[in-house]
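Some notes on the structure that comes next.
Letters A, B, ... are given to chains in the order of the sequence lines, protein chains preceding strands, and every chain is numbered from 1.
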2 protein chains.
Amino acid sequence: MGVVTLKDVAKVAGVSYATVSRALSGSPEIGESTRKRVVRICEEMGYTPNSVARSMVMKRTNIIGLIVTSIDNPFMSEMTAHLEIYARKCGYNLMVCNSSYDLNLEKEVFSLLMGRKVDGIILIPVGNESYDSLKNLTAQVPTVFIGENMLDLPENYVSVDNTNGMQQATEYLYSLGHRSILYLGAREKSMTHQLRVDGYLNACKKLGIEPNVIRNSDPRSSFRVGYALAKAHFETPFSETAILCAADTLAIGVIQAAYEKGIRIPRDLSLMGFDNISFSALPPIDLTTVNQPKQELAVAALDMLINRIKKPEASHTKTILSPSLVIRNSCRAIGD
Amino acid sequence: MGVVTLKDVAKVAGVSYATVSRALSGSPEIGESTRKRVVRICEEMGYTPNSVARSMVMKRTNIIGLIVTSIDNPFMSEMTAHLEIYARKCGYNLMVCNSSYDLNLEKEVFSLLMGRKVDGIILIPVGNESYDSLKNLTAQVPTVFIGENMLDLPENYVSVDNTNGMQQATEYLYSLGHRSILYLGAREKSMTHQLRVDGYLNACKKLGIEPNVIRNSDPRSSFRVGYALAKAHFETPFSETAILCAADTLAIGVIQAAYEKGIRIPRDLSLMGFDNISFSALPPIDLTTVNQPKQELAVAALDMLINRIKKPEASHTKTILSPSLVIRNSCRAIGD
DNA sequence: GTAAATTCCGTAAACGTTTTCGTCGATTTT
DNA sequence: AAAATCGACGAAAACGTTTACGGAATTTAC
């Protein structure tokens with residue numbers, strides 16, 4: 001009735017349990033004939049190794065902790081899908097936690113995962129304060145950050161070049177003839193968002209147009225937030241011909257607000273996002289945006305983490321991938 | 001440098017490590033003064049219990065395995081968010097795996113999680129064949145199925161009443177004056193879909209209208225599938241005034257196909273979905289649909305699972321929640 | 001005042017593996 | 001033929017906890 005263990009197999013096979021362990025681990029210190037016999041008996045008895053016991057002695061669990069702000073955010077869930085599949089291919093399983101956009105909770109689940117003895121942690125931080133908040137902890141377990149970047153940051157991270165991406169976006173709108181571009185949704189306390197806004201500001205300066213930024217204090221980048229910001233903005237007359245959003249989800253909220261106001265996109269207003277979540281491709285949305293290569297980010301993050309697990313003393317590394325423009329139908333060209 | 005363990009604390013405190021264990025576990029077999037002293041020393045030394053070692057001796061990991069077809073499906077990711085948060089509240093962590101709509105992979109990750117010694121598994125099955133495929137495995141670890149249901153199924157599951165939901169949907173369309181309603185996307189090899197189609201057929205019979213079902217052999221319920229099915233259907237002239245989709249994601253694909261064809265929703269065609277994913281609420285989509293109470297499903301599934309973990313010998317239980325109509329603006333009333 | 005009960009704590013076994021070390025027989029070397 | 005080498009396997013320690021058991025010290029009961 002009970003689960004069959006190494007000892008049980010050993011008893012049946014008439015060998016020591018060291019031998020059974022060797023037979024299954026592919027050790028060279030065992031004769032080919034006994035290996036075959038033991039393996040056969042293992043299969044007959046339905047033996048499956050106990051990962052917990054193995055973790056105990058090997059001092060590694062082959063579990064990677066993943067902390068996301070919220071798994072139901074489309075960007076997060078797409079990333080997670082790629083992460084899980086690639087992790088499994090590399091022999092790891094994923095333990096997933098939501099930080100729910102809360103710094104304290106983020107720290108709490110980080111500690112929790114450490115107590116679980118995960119081999120490493122991949123973290124999509126709540127914001128720039130996450131670094132300070134987690135400083136003592138990240139020193140104790142291999143950690144890779146996704147998304148937030150800052151060149152002088154003493155952590156491992158992968159990210160797209162946010163500044164460059166937003167610069168491309170701004171220049172694209174400019175090339176369509178837009179001279180008054182509103183930047184919507186710059187989240188406070190977020191390096192990612194700071195860098196994106198920098199890209200916009202850089203481009204404005206270079207192109208000689210006046211920047212205009214609406215900031216956002218809500219830690220989420222959700223439809224609701226985009227909707228609320230746009231709605232407030234639409235209350236009074238405005239002169240912008242285009243809105244550049246800090247994230248696709250925000251842009252989708254803007255579409256909602258515009259819709260209610262009778263503002264048609266792209267006829268009356270051009271709109272761009274950032275991230276390229278899968279929904280943005282749908283015709284009713286059809287959002288021109290900047291793509292984050294999610295699979296590449298996932299693979300890079302895991303490769304980096306696994307590397308660090310293998311040599312924890314290595315110095316911090318950073319990988320910055322290139323974002324690319326995805327042109328759909330939410331922007332139109334206007335005359336100068 | 002190394003991690004601080006029970007023994008270390010015991011040595012510093014000048015007690016046996018049994019005492020340390022008792023101090024932390026809230027055992028009554030310890031004096032209040034020593035408890036306080038030991039707890040203080042634990043904090044000072046930054047001791048955190050090793051969950052792996054504890055799992056080893058306690059024979060439980062406090063980990064729940066979650067198998068979803070694909071975490072980036074909006075319905076799944078919303079469910080997962082609820083599951084993770086509630087599980088953590090109950091003292092469990094979630095180990096998440098994608099089955100990628102593949103029966104073999106589903107079985108493979110199930111075994112994997114068993115080897116991980118998870119305390120229980122929550123499974124959103126690939127399809128009706130999952131039951132047979134996993135029969136030998138589900139007997140070995142507490143398992144709760146979400147979504148697929150069938151009254152005579154010897155498994156634990158939670159689900160909405162799919163038949164009733166689709167019946168409501170059909171009757172709603174009828175009440176708006178629709179007499180020719182196409183059912184789109186009945187997935188083969190899926191009990192859920194079979195039950196939904198049943199609801200539609202029941203209603204048609206009761207209302208005296210002619211049913212018309214387009215089936216779908218693809219195991220996914222994605223935008224693409226809905227798009228492809230609708231596109232094919234729109235190729236030739238059709239007389240239906242409404243389309244009832246087996247899932248919101250499919251309906252969103254239909255919107256795409258309709259858009260391309262110049263068919264306007266709801267003016268030219270009424271459209272309904274099932275699931276009520278968060279995107280369906282967005283004005284550009286604004287889909288009338290049938291709600292699945294995702295948080296309630298998550299809570300019910302976990303309660304059921306935890307119950308079963310505590311008494312594994314209990315007989316199978318089923319929970320069927322009620323779906324409810326969510327009326328938005330993708331359907332219009334027509335004259336008889 | 002002693003016997004019994006109670007309180008508090010230490011000893012040691014157990015959980016299921018991996019791996020080091022040692023042993024024994026067989027094979028090769030001199 | 002004796003010595004050295006080698007291959008295959010067993011014995012046992014180790015990983016960090018929890019907990020049953022037992023013992024000493026203290027309290028309670030007569």
Side-chain angles (χ1 to χ4, degrees), chain A residues 1-39 41-42 45-63 91 112 114-119 140-141, chain B residues 1-39 41-42 45-63 91 112 114-119 140-141:
Chain A
M1 180 53 223
V3 182
V4 31
T5 136
L6 252 194
K7 280 184 189 167
D8 302 329
V9 177
K11 198 170 293 175
V12 171
V15 296
S16 74
Y17 42 96
T19 304
V20 180
S21 175
R22 281 191 272 253
L24 296 175
S25 69
S27 160
E29 299 188 32
I30 187 176
E32 200 49 39
S33 61
T34 46
R35 145 164 301 141
K36 283 206 175 120
R37 196 167 57 86
V38 169
V39 168
I41 293 177
C42 282
M45 298 181 67
Y47 168 73
T48 55
N50 183 326
S51 303
V52 176
R54 174 179 288 160
S55 295
M56 175 96 261
V57 47
M58 309 261 294
K59 289 178 166 302
R60 87 193 130 89
T61 54
N62 279 31
I63 299 176
L112 198 82
M114 282 181 55
R116 288 282 189 190
K117 302 297 166 191
V118 299
D119 293 344
Q140 298 179 48
V141 55
Chain B
M1 179 55 223
V3 182
V4 32
T5 136
L6 252 194
K7 280 184 188 166
D8 302 330
V9 178
K11 198 171 292 175
V12 171
V15 296
S16 74
Y17 42 95
T19 303
V20 181
S21 174
R22 281 192 273 254
L24 297 175
S25 70
S27 160
E29 298 189 30
I30 187 175
E32 200 49 42
S33 62
T34 46
R35 142 163 302 139
K36 282 202 175 123
R37 196 168 57 85
V38 170
V39 168
I41 293 178
C42 282
M45 298 181 67
Y47 168 73
T48 56
N50 183 326
S51 303
V52 177
R54 173 179 288 162
S55 296
M56 176 96 260
V57 47
M58 309 262 293
K59 289 178 164 302
R60 85 193 133 91
T61 53
N62 278 29
I63 298 176
L112 198 82
M114 282 180 55
R116 288 284 189 189
K117 302 295 164 194
V118 298
D119 293 344
Q140 298 178 49
V141 55

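- Remark: A:M56, A:V57, A:K59 in residues 46-59 of chain A come within less than 4.0 Å of DNA chain D through at least one heavy atom.
- Note that the first and last nucleotides of DNA chain C, 5' to 3', having any atom under 4.0 angstrom from a heavy atom of chain A are C:dG16 to C:dT20.
- The shortest non-hydrogen separation linking B:V52 to A:M56 is CG1-N, 3.8 Å.
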Output a table of nitrogen or oxygen pairs between the protein and nucleotides 21-27 of chain D separated by less than 3.5 Å.
none

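- B:R35 is linked by a salt bridge (charged side-chain N to carboxylate O under 4.0 Å, His left out) to B:E32, counting only residues two or more places apart in sequence or in another chain.
- Within 4.0 Å (heavy atoms only), B:S27 reaches no atom of the nucleic acid at all.
- A search for side-chain contact (heavy atoms from CB on, under 4.5 Å) contacts involving A:S27 returns A:R22, A:S25, A:E29, not counting sequence neighbours.
- The closest side-chain heavy-atom distance from A:C42 to A:V39 is not below 4.5 Å.
- The 5' end of DNA chain D is approached more closely, in terms of each residue's nearest nucleotide, by A:G31 than by the other of A:G31 and A:Y17.
- Sequence order on DNA chain D of the closest nucleotides to A:A18 and A:P28 puts A:P28 first from the 5' end.
- Rounding to the nearest 0.5 Å gives a distance of 9.5 Å between CZ of A:R37 and OG1 of A:T19.
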Let me see the working for A:M114 and B:T48 under side chain to side chain contact (heavy atoms under 4.5 Å, CB included), right down to the final yes or no.
CA-CA 9 Å; A:M114 282 181 55; B:T48 56; over 6 Å; no
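- At the heavy-atom level, B:L6 lies under 4.0 Å from base atoms of the strands shown.
- In this model, the phosphate group of D:dT18 is approached by a side-chain N or O of B:S21 to a distance below 4.0 Å at OP1 or OP2.
- In terms of the side chain to side chain donor-acceptor pair (under 3.5 Å) criterion, residue partners of A:T61 (sequence neighbours excluded) are, by chain and number, A:D119.
- Qualifying side-chain contact (heavy atoms from CB on, under 4.5 Å) partners for B:R116, counting only residues two or more places apart in sequence or in other chains: A:S51, A:N62, A:I63, A:N93, B:M95, B:V118.
- A heavy-atom distance below 4.5 Å is not found between the side chains of A:S55 and A:K117.
- Put simply, the side chain of A:V15 does not reach to within 4.5 Å of the side chain of A:T34, judged on heavy atoms.
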Given Watson-Crick or G-U pairs with both distances under 3.5 Å, what dot-bracket string fits DNA chain C, with | for other-strand pairs and [ ] for crossing?
||||||||||||||||||||||||||||||
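- Between the NZ atom of A:K11 and the P atom of D:dA11 there is a distance of 13 Å, given to the nearest Å.
- Rounded to the nearest 0.5 Å, atoms CG (A:N50) and CG (A:L6) are 9.5 Å apart.
- Listed by first then second residue, pairs satisfying salt bridge (charged side-chain N to carboxylate O under 4.0 Å, His left out) with a partner in residues 6-15 of chain A number zero, not counting sequence neighbours.
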List the steps and the verdict of side chain to side chain contact (heavy atoms under 4.5 Å, CB included) for A:Y47 and A:V3.
CA-CA 8 Å; A:Y47 168 73; A:V3 182; over 6 Å; no
